[in-house]
Amino acid sequence: KTDCNMSQRLFIFTVLLTVLSLPIAHAQHMHGHDPLEQLGQVSFRVSCTPAAQKQFNRAVAWLHSFEYEEAEKAFSEVTVTDPRCGMGYWGIAMSQYHPLWAPPTADQLQKASSALEMAKSVKARTQRERDYLAAIDVFSKTQTNSITGLELSPIARRWSNSTGAINPMMKRASSMP
């Protein structure tokens with residue numbers, strides 16, 4: 001009887017431990033981050049204030065870590081620090097695309113579009129920045145396939161030869177040393 005009682009206690013303890021740890025696991029899955037967490041180093045020069053540049057590099061590191069919510073928050077901070085930093089708005093738009101998980105929702109497309117409109121209103125300061133904005137702008141618009149007549153989502157267009165997003169990026173790449 002003692003072995004049975006001990007087994008039951010161990011089973012109950014295990015179940016309770018598992019149940020009690022679920023909120024912690026869920027919080028970690030929801031991308032809660034320790035402030036001391038290390039991200040990779042990014043150096044992506046933009047024509048913003050020095051304080052915004054530092055924030056921008058961190059935001060790009062979040063983006064490259066597939067932490068889109070954190071990236072969006074960080075890019076939003078860039079636009080508060082330097083409201084004329086068009087690339088901060090570019091980052092907000094980029095944060096709406098989660099290519100490994102799912103196509104953007106209508107809300108995410110609208111958020112990307114609004115961010116791009118803000119970027120246009122502050123006018124990108126360099127040709128390089130204008131090229132990045134042009135590429136994401138083309139990507140964010142729904143287009144109709146000229147052959148099938150079907151409307152293509154941004155993700156479907158990504159794999160389609162009819163997309164124009166590649167042209168600004170190819171132009172940019174060919175001008176790099």
Side-chain angles (χ1 to χ4, degrees), residues 29-33 35 37 39-145 150-160 162-176:
H29 177 74
M30 293 306 292
H31 307 294
H33 298 283
E37 183 174 0
L39 289 174
Q41 295 295 314
V42 172
S43 179
F44 189 123
R45 255 190 2 225
V46 291
S47 59
C48 303
T49 65
Q53 174 68 68
K54 185 176 179 181
Q55 291 173 318
F56 185 86
N57 286 342
R58 181 154 177 81
V60 172
W62 281 121
L63 187 65
H64 285 210
S65 296
F66 304 103
E67 297 289 349
Y68 300 108
E69 292 173 13
E70 292 297 325
E72 182 181 355
K73 289 178 200 171
F75 283 118
S76 293
E77 290 172 9
V78 170
T79 65
V80 170
T81 300
D82 184 355
R84 293 197 50 222
C85 180
M87 290 299 285
Y89 300 105
W90 168 88
I92 293 170
M94 288 293 295
S95 300
Q96 304 313 306
Y97 299 99
H98 314 154
L100 298 179
W101 289 274
T105 64
D107 288 342
Q108 290 168 325
L109 287 172
Q110 180 56 48
K111 193 179 280 191
S113 179
S114 296
L116 289 169
E117 288 305 313
M118 286 299 298
K120 289 177 189 174
S121 75
V122 299
K123 300 190 180 7
R125 298 175 187 156
T126 69
Q127 185 59 48
R128 176 176 173 256
E129 292 174 7
R130 286 187 287 278
D131 290 343
Y132 275 102
L133 287 168
I136 188 66
D137 191 34
V138 170
F139 186 76
S140 70
K141 292 179 178 157
T142 301
Q143 295 178 348
T144 302
N145 182 299
L150 297 174
E151 194 171 270
L152 298 175
S153 72
I155 299 301
R157 273 194 350 271
R158 179 174 169 200
W159 301 109
S160 166
S162 66
T163 183
I166 196 68
N167 293 334
M169 293 312 295
M170 291 299 289
K171 180 181 171 188
R172 179 77 217 139
S174 67
S175 69
M176 296 176 126

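Along the sequence shown, the residues carry numbers beginning at 1.
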Residues passing the side chain to side chain donor-acceptor pair (under 3.5 Å) test with S65, sequence neighbours excluded, are none

Hits for side chain to side chain donor-acceptor pair (under 3.5 Å) against E77, two or more places apart or cross-chain, chain-then-number order -> none

Return a table of donor-acceptor pairs under 3.5 angstrom between the side chains of residues 84-93 and protein atoms on other chains or two or more places apart.
unit_1: Y89; atom_1: OH; unit_2: P83; atom_2: O; d: 3.3

- request: Check whether any side-chain N or O of Q53 sits under 3.5 Å from a backbone N or O of F44 as a donor-acceptor pair, and report yes or no.
  value: yes

Intermediate values then yes/no, side chain to side chain contact (heavy atoms under 4.5 Å, CB included), E69 and E72 = CA-CA 5 Å; E69 292 173 13; E72 182 181 355; 5.8 Å; no

Discussion item. Donor-acceptor pair, distance only, cut-off 3.5 Å: does the side chain of T79 make one with the backbone of S76?
Written reply: yes

To the nearest 0.5 Å, atom CG of L109 lies from atom CD of Q96 at 8.5 Å

To the nearest 0.5 Å, atom CG of L116 lies from atom NZ of K111 at 13.5 Å

Sorted by chain and number, sequence neighbours left out, side chain to side chain donor-acceptor pair (under 3.5 Å) with T105 holds for Q108

d(E129 CD, K123 NZ) to nearest 0.5 Å is 14.0 Å

Any heavy-atom pair between the side chains of Y97 and I136 that's under 4.5 Å?
yes

Rounding to 0.5 Å, atoms CZ (R128) and OG (S47) come to a distance of 9.5 Å

Sorted by chain and number, sequence neighbours left out, side chain to side chain contact (heavy atoms under 4.5 Å, CB included) with T49 holds for A51, A52, T81, D82

Sequence neighbours excluded, the answer for side chain to side chain contact (heavy atoms under 4.5 Å, CB included) partners of A71 is W62, L63, F75, S95

Do S121 side-chain atoms and M118 backbone N/O form a donor-acceptor pair below 3.5 Å? yes

Separation between CD (Q127) and CZ (R130), nearest 0.5 Å, reads 4.5 Å

